[in-house]
Protein chains: 2
Amino acid sequence: MAAAAGVSVSTASLAFSGSGPIADATRERVLAAARSLAYAGPNPLGRQLRRGRSGIVGVIMGDALRRAFRDPVSSQVLDGLAATLGPLGLGVLLVPGPHDASQPAVDPLLESAAMDVAVQMWGGTTDDPVLETLRRRGTPTVLVEGTPQPDVAAVGIDDRGGMAELTRHLLDLGHTRIATVTLPFDRGRSSGPADAARQSHLVWEITRRRLAGVTDAGVTPTTVYETPASLVENGAAAGRALLSGPDRPTAVICQSDLLASGVVLAARELGLRVPQDVSVAGFDGLDLAWLAPDVLTSVAQPLAEKGAAIGAAVSALLEGRMPEPQVLPVALRAGTTTGPAPR
Amino acid sequence: MAAAAGVSVSTASLAFSGSGPIADATRERVLAAARSLAYAGPNPLGRQLRRGRSGIVGVIMGDALRRAFRDPVSSQVLDGLAATLGPLGLGVLLVPGPHDASQPAVDPLLESAAMDVAVQMWGGTTDDPVLETLRRRGTPTVLVEGTPQPDVAAVGIDDRGGMAELTRHLLDLGHTRIATVTLPFDRGRSSGPADAARQSHLVWEITRRRLAGVTDAGVTPTTVYETPASLVENGAAAGRALLSGPDRPTAVICQSDLLASGVVLAARELGLRVPQDVSVAGFDGLDLAWLAPDVLTSVAQPLAEKGAAIGAAVSALLEGRMPEPQVLPVALRAGTTTGPAPR
DNA sequence: CGGGCTTCTCGAATCGATTCGATCCGCATG
DNA sequence: CATGCGGATCGAATCGATTCGAGAAGCCCG
């Protein structure tokens, strides 16, 4: 300890912390000594142990990091979160979520890393091994877009309501044959049309809710097409399958904008005009410049606010309070990719 | 401490660490007691203090997180890095880089967070305030794509050579009027054509090197167009400016694929055919499905390997070794967006 | 039956900062 | 001159795990 330098032990602490009664002259002396000894300031580890706080918020991505980051939704929420946490002196530790089914279900970091609070970015069913682990470790947790649970703080959006509104928008346009392209059902990540049996095994809450929104509006999709991830290429694959078969739907509702843009690309590829031949709608309200000249019809969710809401939940948990579940509003945003149903 | 439960103090440690001489019966007894007391295992903070290691690698994004994540290059490198670090028991702590010029140059986390090693993902000139801070704190650092410095480990790619090769490819196709769209020059983030005076103030190494590659091939760009960030919309803006003026270039070399795809979109928008009317080339070798049917001509860099190389450098630093500077190879990948110069 | 050896368990020190209470000093007041 | 008071500084305990060396118990063999 650099205290040997100037004079004392605990006084040095006062000198650095700034608070507490200390003569200016003494502080100066201590700081000068620290400089000359190339002492870089208090060791964070000591402080953390004493305080019982690490200042770290573990963010468990719902997926391999690579895929998670390719999803602008995660990225923008994460950015909003980091912006809220920064001023609180909290840092974001990335914890990989469930990998491929071959890997262990829980990343070793989740078992051993120091974190004051955890944020689970996706999924999170009741018996989720991730939540299981966090519960065992006693780490307060914020669950984003997951299955509501008593001991876990929740932040989400009104995706069910938004999806219903979007569906009614298409009904108003006269569409009757409506297909839907969904997010993954579970960690298994299969893809293709999902029959009733498969649909009854739908595990991930977010997928289920968005699907329920379509049903709420009174629509039974001609096809429920499951994808292994929310990426443009998965949407394109789904689009090719849906739009090249017989009984082509007149509208395709996608559970994310990336999937929807993939469907638009597939339609272009097949020589179909959007929206004259087929309407396509997404979810998230991303600003996809490269889809020009099309502007996706979508349900916009407030991404930065979502990050901020998560941040607020985190700080509530740090103060020992369990925050109220947050459900942020969404807004239908009509673009150029939906239009009247072809006759 | 849960040691009061079963029997002893230090024995409990042995029971959990698994190593060391301990009777199976005793271990069982301790673990059982831990379970019944809902003790969640050793507190990481204590372990970290004792070990003098936090197990945390701070990754300083060269930009606001939002922008950083919208860049697939950063994301994929980060993913490769996390994959390498995971098995070593190391976690990635996100540290926001320089924000807008209005914000403080250095994030508070950089000053106070516990990290064993830091990775600076971008930029990093000699007098970079980030490196300055890390140096003062004595944190070993890996600099990615930055200005070489004696006390900092370096990982980079041969972007200068790759750019030269790409430029020669265009020369072989008969192009003479070649413009170039660059990454930002500095934190200032201005945009527009950069004259000689402006070019002499180019601060960021990566931009400088890629520009130098063009010159190496013997080409003086008709215009050097500076952008504020490597995003599609910035490329589109640059493309509109370059392609709608008089003396339109016959080829545009972009310092990133996202910029290049923006230029392609701008060309489409202006009714120009790619590559018949104008050739466009990028850098990074991303897989941009949504640009279909075009496939971008680009210089591919090994993103996952780059992440792995950074991980290797990190673990070398943790062992007290200063790793050799790594320069990963790149490869020209011809797509459909470049072709013979129009006559 | 005792010496020597192995195997396990325990105490105590250590990592580094924070914090509470105690002490000490100088100055002012009765 | 003595007492009181306030401000500054210091000691010691504490956070929780790890680790080394010492000691104790049990066992084998002479």
Side-chain angles (χ1 to χ4, degrees), chain A residues 1-35 37-56 89 108-109 111-116 136-139 318 320, chain B residues 1-34 37-56 89 91 108-109 111-116 136-139 318 320:
Chain A
M1 166 54 166
V7 273
S8 59
V9 186
S10 47
T11 307
S13 179
L14 299 216
F16 280 102
S17 74
S19 68
I22 188 169
D24 287 347
T26 313
R27 184 191 3 265
E28 275 316 313
R29 199 151 38 96
V30 173
L31 295 182
R35 253 190 307 273
L37 267 74
Y39 173 75
N43 181 329
L45 294 175
R47 188 208 309 273
Q48 289 175 12
L49 175 58
R50 186 67 233 265
R51 292 252 166 92
R53 284 277 169 86
S54 63
I56 285 180
L109 271 185
E111 294 281 4
S112 64
M115 29 187 191
D116 298 337
R136 187 167 44 71
R137 289 192 62 185
T139 308
L318 280 178
Chain B
M1 165 54 166
V7 270
S8 60
V9 185
S10 48
T11 307
S13 179
L14 299 219
F16 281 102
S17 75
S19 68
I22 187 168
D24 287 345
T26 312
R27 181 186 13 260
E28 276 316 313
R29 198 150 39 93
V30 172
L31 294 182
L37 269 73
Y39 173 75
N43 181 328
L45 295 175
R47 188 209 310 272
Q48 288 175 12
L49 174 60
R50 185 68 233 263
R51 291 252 165 92
R53 285 277 170 85
S54 63
I56 286 180
L109 272 185
E111 294 281 4
S112 64
M115 29 187 190
D116 298 337
R136 186 166 46 70
R137 290 192 63 185
T139 308
L318 279 178

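Residue numbers begin at 1 in each chain, while the letters A, B, ... track the order of the sequences.
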Specify the separation, in whole Å, of atom [atom1] of [X] and atom [atom2] of [N].
X	N	atom1	atom2	result
L14(A)	dG16(C)	CG	P	19 Å
I22(B)	dT7(C)	CD1	P	15 Å
L45(A)	dA17(C)	CG	P	10 Å

**Prompt:** Which part of the nucleic acid, if any, lies within contact of L49(A), taking any heavy atom under 4.0 Å across all strands shown: a base, the sugar-phosphate backbone alone, or nothing?
**Reply:** base
**Request:** Identify the two heavy atoms, one from I56(B) and one from I56(A), that lie closest to each other, and give their separation to 0.1 Å.
**Result:**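 So the minimum-distance heavy-atom pair works out to CD1-CD1, 3.1 Å.
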**Asked** For L318(B) and R53(B), which heavy atoms make the closest approach, and how far apart are they?
**Response**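 Nearest pair, atom of L318(B) first, then R53(B): O-NH2, 2.7 Å.
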**Asked** If you round to the nearest 0.5 Å, how far is CZ of R137(A) from OH of Y39(B)?
**Response** 11.0 Å
**Prompt:** If you check the R47(A) side chain, which of dT18(D), dT9(D), dT18(C) turns out closest?
**Reply:** dT18(C)
Within less than 4.0 Å of OP1 or OP2 of [N], is there a side-chain N or O belonging to [X]?
X	N	result
T11(B)	dC10(C)	yes
S10(B)	dG11(C)	no
Y39(B)	dA17(D)	yes
R50(B)	dT14(C)	no

**Complete:** Comparing nearest nucleotides in DNA chain C, the 5'-proximal residue of the pair P21(B), G46(A) is P21(B)
**Prompt:** Is the shortest heavy-atom distance from the side chain of P21(B) to the side chain of L14(B) under 4.5 Å?
**Reply:** yes
